[in-house]
Participant: 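Sharing a structure, written as structure tokens. Questions coming.
If you're wondering where the values come from, they're calculated on a predicted model, not measured in any experiment.
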Amino acid sequence: MKSTFGRLFILSVFVIQTVNPVIVCDGAEQTITAGKDSVSIVSRNTEINEQCLTCHGRVGPDYRNDTVFSGTKPEILEKMIINRAGFLKSNHRSFRCTDCHSGDFARFPHAEELKKEVMPSCLECHGYDEKYTGFHFEDIETEFKVSVHCKTDKESFTCWTCHNPHYDKLYNPDSLGIRQIVHNDNLICTDCHENKRHFSRFSDSSVVNISKAHRFLPRRRAHLNNIRCIDCHASADTKVPVPHMVLSKEKAVKDCNECHSRNSLMAEKMFRSEPGGKLQKGFYNGKMTGYVYLAGANRNGYLNMVSLIVFSLMLIAVMVHIIIRVVISKK
Amino acid sequence: MYLYPLWVRLWHALNGILVIILIITGISMQYAGKDAWFLIGFQHAVKWHNAAAIMLVAGYIAFVTGNLLTANGEYYRKKEEDTLKGMIKQLKYYLSGMFRKEKSPFPVTPERKFTPLQKIAYRITMYAAMPLLILSGLCLMFPETIINRIFGPGRLVVFDLIHIILGFLITLFLIIHIYSCTLGPKPSSLFRGIITGFHEPDDQ
């Protein structure tokens with residue numbers, strides 16, 4: 001930062017912050033404490049980022065600086081506040097703020113035109129790179145472009161609308177557990193679809209009551225709590241592990257047989273099972289049975305076979321008895 | 001011989017219809033699929049199954065109460081002749097004796113409505129299988145409330161297996177029951193009896 005006033009300003013804010021210590025330097029490893037969270041990270045950019053996070057890492061809309069801002073609005077502050085601990089656990093924690101944001105932000109006060117900064121998309125860093133083939137960024141972009149989210153009338157829908165690059169974190173599905181994954185994934189959707197303020201950024205329509213909209217479902221709560229929104233609302237025709245072709249509500253899955261059958265859509269989408277319902281641990285779509293037991297989808301193959309044999313034997317016995325009775329009655 | 005009071009006949013008719021609905025809808029749920037055109041759609045099967053189940057529970061309570069409060073319950077109590085020997089004797093009659101025009105070893109009387117084989121089948125079905133079927137069904141109707149809270153998550157499969165195995169056994173019972181009702185003095189005798197209340201004599 002070139003302005004002397006700016007440096008003094010930041011230093012004064014930093015001094016105030018040391019009343020609640022933020023950084024403890026311990027050799028190469030730095031421990032960052034923010035509130036109750038302590039995160040140890042190894043990053044050469046931590047100190048540089050603190051220059052930004054000193055202001056942008058404040059919690060709550062209590063920041064006021066009449067020299068720099070002409071009034072404050074909660075929604076602006078909310079968009080500009082970064083949770084320090086969240087960022088330091090994210091995929092991008094070792095990045096410098098200005099790796100993604102304009103280098104002109106290094107100058108303080110920030111130029112007015114920077115408010116209109118256009119952020120890079122994920123593809124600009126991650127696209128067409130062999131290293132990231134497994135994430136299917138290009139396929140995600142293709143699916144998104146034909147999804148209903150790409151056709152909003154108001155503010156543009158981008159990757160950042162759902163995926164905050166400051167907090168997004170890769171997780172191991174086996175360690176996180178399906179239940180947590182479902183919860184996390186659905187939070188992304190409900191953040192807009194159950195929030196009038198967020199929803200109004202993209203549409204003039206009113207927010208729909210999710211529960212009422214799904215009243216056609218028997219055991220509505222069980223469905224809403226245990227299935228991802230995208231399992232019914234995104235196309236199954238996808239190469240991407242997490243489908244991004246979100247469809248309009250008219251095209252959502254409404255036929256119960258789609259999941260409650262051997263060719264279960266839920267097994268295919270959520271558990272990446274092969275179509276046709278493979279027998280695993282004796283149950284069709286057996287991969288699912290650790291999480292849920294779905295009538296129609298998780299029949300026991302061996303039990304089916306035994307019941308068919310027993311039923312057939314019983315029918316044969318009855319038929320034989322009838323035949324003997326008929327023959328004898330005619331004698 | 002007046003053998004079937006009105007309440008028994010009404011319960012029997014209602015129970016019969018409900019059991020058939022439950023079997024058809026149960027099979028429709030178990031074997032659901034987009035290509036299973038001959039079955040009822042899953043969504044409708046669930047609704048009908050739940051509705052019929054609730055009515056069946058009401059009917060079952062009426063049956064047990066009726067047997068406790070009226071003389072009909074006597075027919076289900078174990079008597080001297082209701083032994084393994086008696087059951088084998090009756091089975092032999094069905095497998096060969098009736099073809100040799102032998103008399104039934106346990107003819108129907110005002111004191112004896114059921115043969116030993118029938119009695120054991122009805123006792124097991126009505127006083128063991130049905131309660132378990134109903135209880136497991138109720139657990140499946142409210143899994144978050146009952147199964148998850150009391151037995152822990154992941155136990156749904158156990159209750160489902162119990163329910164469908166019992167459902168299958170009752171399906172077998174139903175078919176054998178309907179067929180064995182053709183083994184009266186005439187094939188239609190026992191059917192007429194459960195409608196009119198009067199049993200036609202066995203030596204007719």
Participant: Given that the side chain runs from C-beta out, which part of B/Ser28 has a heavy atom under 4.5 Å from chain A: side chain, backbone, both or neither?
Facilitator: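 Neither; nothing under 4.5 Å.
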
Participant: Evaluate B/Glu81 against B/Arg112 for salt bridge (Lys or Arg N to Asp or Glu O under 4.0 Å), listing each step before the verdict.
Facilitator: CA-CA 10 Å; B/Glu81 61 196 11; B/Arg112 184 206 292 130; 2.8 Å; yes

Participant: Checking B/Ile175 against chain A: side chain, backbone, both or neither under 4.5 Å from a heavy atom?
Facilitator: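 Just its side chain gets close to chain A.
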
Participant: For chain A, find which of B/Leu161, B/Ile164, B/Thr182 contributes the most heavy-atom pairs closer than 4.5 angstrom.
Facilitator: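 Going by pairs under 4.5 Å, I would pick B/Thr182.
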
Participant: For chain A, find which of B/Lys101, B/Gln30, B/Gln43 contributes the most heavy-atom pairs closer than 4.5 angstrom.
Facilitator: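 Option with the top pair count is B/Gln30.
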
Participant: Determine whether the aromatic ring centres of B/His177 and B/Tyr122 lie less than 6.0 Å apart.
Facilitator: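 Here the rings of B/Tyr122 and B/His177 have centres that are less than 6.0 Å from each other.
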
Participant: Any donor-acceptor pair under 3.5 Å linking the side-chain atoms of B/Tyr179 with those of A/His321?
Facilitator: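 There is such a pair (donor and acceptor under 3.5 Å, judged by atom type) between the side chains of A/His321 and B/Tyr179.
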
Participant: Among A/Ile322, A/Val306, A/Asn225, A/Asn257, which residue forms the greatest number of heavy-atom pairs with chain B at distances under 4.5 Å?
Facilitator: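 When all of A/Ile322, A/Val306, A/Asn225, A/Asn257 are compared, A/Asn257 has the most.
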
Participant: What residue in A/Thr289, A/Asn304, A/Leu294, A/Asn300 has the most heavy-atom pairs under 4.5 Å with chain B?
Facilitator: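 Winner by heavy-atom pair count: A/Asn304.
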
Participant: Could you grab the distance from atom CG of B/Leu132 to atom NE2 of B/His163, nearest 0.5 Å is fine?
Facilitator: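 So the CG of B/Leu132 and the NE2 of B/His163 are separated by 11.5 Å.
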
Participant: Quick one: which of B/Asn50, B/Leu156, B/Val157 has the most heavy-atom pairs under 4.5 Å with chain A, could you say?
Facilitator: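 Winner by heavy-atom pair count: B/Val157.
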
Participant: Side chain, backbone, both or neither: which part of A/Phe283 has a non-hydrogen atom closer than 4.5 Å to chain B?
Facilitator: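 Side chain of A/Phe283 only, per the 4.5 Å heavy-atom cut-off to chain B.
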
Participant: Ring centroid separation for B/Phe151 and B/Phe159, is it under 6.0 angstrom?
Facilitator: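 Here the rings of B/Phe159 and B/Phe151 have centres that are less than 6.0 Å from each other.
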
Participant: For A/Ile328, which atoms come within 4.5 Å of any heavy atom of chain B: side chain, backbone, both, or neither?
Facilitator: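 Contact with chain B: side chain only.
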
Participant: CG/A/Asn263 to NZ/B/Lys34 distance, rounded to the nearest 0.5 angstrom?
Facilitator: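 Atom-to-atom, A/Asn263:CG and B/Lys34:NZ are 9.0 Å apart.
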
Participant: Is chain A contacted by the side chain of B/Met98, its backbone, both, or neither, given a heavy-atom distance below 4.5 Å?
Facilitator: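 The answer is the side chain of B/Met98.
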
Participant: Please look at A/Lys331 and chain B and tell me whether the side chain, the backbone, both or neither of the residue comes under 4.5 angstrom of a heavy atom of that chain.
Facilitator: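 No part of A/Lys331 comes within 4.5 Å of chain B.
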
Participant: Taking side chain as everything from C-beta outward and backbone as N, CA, C, O, which of these in A/Arg221 sits under 4.5 Å from a heavy atom of chain B? Side chain, backbone, both or neither.
Facilitator: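 It is neither, since no heavy atom gets under 4.5 Å.
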
Participant: Using the ring centroid of each side chain, check whether B/Phe168 and B/Phe173 are separated by less than 6.0 Å.
Facilitator: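 Ring-ring flag for B/Phe168/B/Phe173: false, centres at least 6.0 Å apart.
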
Participant: If you count heavy-atom pairs under 4.5 Å with chain B, which of A/Ser329, A/Gly296, A/Ala297, A/Cys259 comes out on top?
Facilitator: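 Between A/Ser329, A/Gly296, A/Ala297, A/Cys259, the count favours A/Gly296.
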
Participant: Answer yes or no on whether B/Arg123 is positioned over the face of B/Tyr76, meaning its NZ or CZ is under 6.0 Å from the six-membered ring centre and within 45° of the axis.
Facilitator: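 Here B/Arg123 fails the 6.0 Å and 45° test against B/Tyr76.
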
